[in-house]
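Working notes, structure below.
Every chain is numbered from 1 and lettered A, B, ... according to where its sequence line falls, protein lines coming before strand lines. All figures in this text were calculated on a predicted structure; none of them were measured in a lab.
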There are 2 protein chains.
Amino acid sequence: MNLTPRPVDPTPLAHDRVYRQLRTRIMHGDIPPGHALTLRGIGKEYDVSMTPARESVRRLVAEGALSMSNSGRISTPLLSNERIEELAALRALIEVELASRALPRAHLALIERLQNINAKVAEAVAHRDAVSYIRTNLEFHRTLYLRAQAPAMLAMAETVWLQMGPTMNALYGRLRRTDPPHFHRLIIAALRAGDEPGLRLAVRSDVTQGLRMLAS
Amino acid sequence: MNLTPRPVDPTPLAHDRVYRQLRTRIMHGDIPPGHALTLRGIGKEYDVSMTPARESVRRLVAEGALSMSNSGRISTPLLSNERIEELAALRALIEVELASRALPRAHLALIERLQNINAKVAEAVAHRDAVSYIRTNLEFHRTLYLRAQAPAMLAMAETVWLQMGPTMNALYGRLRRTDPPHFHRLIIAALRAGDEPGLRLAVRSDVTQGLRMLAS
DNA sequence: CATGCGCTTTTGTGATCACAAATGAACGCG
DNA sequence: CGCGTTCATTTGTGATCACAAAAGCGCATG
């Protein structure tokens, strides 16, 4: 019986490493909308050949994190207002369901973790750090949704986050306010009270609040 | 002013052609769950080298249409009952919204088209042809949802269909009944009456009906 | 007959190269 | 000075190859 205690891959696949790093940067808004990328540039940046760069790009294009022109040029997507509205509606649909499924499993330790993350969110807002804000905000939501035990739904939600990443940065760049996140507190309060309708409303409000900045 | 009337690509990209054909086969349930594929096999089947085969597979894996073992082996996914429930819930969430958005734009010509498609669905059911049933059933839904003018949502819905494709065939293989699609008639009736709550209920019922076969 | 071992084959990964199309800049013409 | 043309450069695509790991298979052993 040769049971190796560590079946972890000692050599992480190159294309996967490139994919993961690019994905994180895009989701957190590190790359502005419409920014052009090249396969050779990516390969050079991550010290790999064109092949893994192409595979990671292909994957990110499939997830909507990058877009390709009909001639194959790669760039972060430029979202129309209609598409942003759609993505926000998808967030509302999926994340309200995820929160609802997480509610019966949300015990006190989780709520405390959410409060700690929320403090980091408030800090990022105070420092006007858009990338930190996006990252901690998503961490808040993901931490809650992980409790729903619904990996397919969570993956869908993350895909939507990914598509909005570059635009989110540009959007929150206009954000003048330094308020701590209001709806996050409502979410936590609803979790504590076991109030499902309140939770659904709070999540929906939090997810669609960014849309108001578009109207201006 | 050199405006070419046909900017269509005369040489369709190889990887895209392979991707599209594989995607269609998977979505329609042409490939059973757990079926193994190889890059060289795909390349040989579509008369391309490994490179386009790899890219199309990478894309399909990103969409959940195929799954890869940790050693890179490719196969259609074997869905657990929990995952099927999740995907059905996602269908319900997204497609109810799509139908709701399509309702105000649904005029008579659309309803007639839906009835024609529905006749083909009934024919497929009568012939016990699972693949035809899946194809025409999805055509029914897609035709309705296209009216919603919500491409991001439709893409999400199609991704869910894609993930369920192989399993759908196995599921409907157990279907003994030869009834014409009942809920499709309800959908059409609700569209005709402009009855939004009725439409939402009918779509939700149609989308989740397949789950009952799992309980048995 | 079941099981563990070793070998052959299969398979995915990544690098490199040739090629064609698109891009962009320099140039010249009106 | 504006604008179309031409050409060098950049860029994505697809094919091929070497390589290592995994899988499948047969054989010997208990």
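Pairs of residues two or more places apart, or lying in two chains, that qualify as salt bridge (charged side-chain N to carboxylate O under 4.0 Å, His left out) and include a residue from residues 145-160 of chain A are A:Arg23-A:Glu158, A:Arg142-A:Glu158. Counting only residues at least two apart or in different chains, ring pair (Phe, Tyr, Trp, His ring centres under 6.0 Å) contacts with residues 136-155 of chain A comprise A:Phe140-A:His184, A:His141-A:Tyr145, A:His141-A:His184. Annotation: salt bridge (charged side-chain N to carboxylate O under 4.0 Å, His left out) contacts involving residues 110-123 of chain B, sequence neighbours excluded, comprise B:Lys120-B:Glu139. Listed by first then second residue, pairs satisfying ring pair (Phe, Tyr, Trp, His ring centres under 6.0 Å) with a partner in residues 59-97 of chain B number zero, not counting sequence neighbours.
Proximity of B:Thr51 to the phosphate of D:dG14: no side-chain N or O atom is located under 4.0 Å from OP1 or OP2.
The interatomic distance linking B:Glu55 (CD) with D:dA15 (P) rounds to 10 Å, in whole Å. Straight-line distance from the CD1 atom of B:Ile42 to the P atom of C:dT13: 12 Å, rounded to whole Å.
Nearest-nucleotide assignment on DNA chain C puts the 5′-proximal partner with A:Asp47, out of A:Asp47 and A:Ser69.
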B/S/- contact track for nucleotides 5-12 of chain D, protein heavy atom under 4.0 Å: ------BB

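Shown here are the side chain to side chain donor-acceptor pair (under 3.5 Å) partners of A:Gln163, two or more places apart in sequence or in another chain: there are none.
At a threshold of 4.0 Å, the pair A:Glu45-A:Arg25 counts as salt-bridged, since one of the basic side-chain nitrogens sits closer than that to a carboxylate oxygen.
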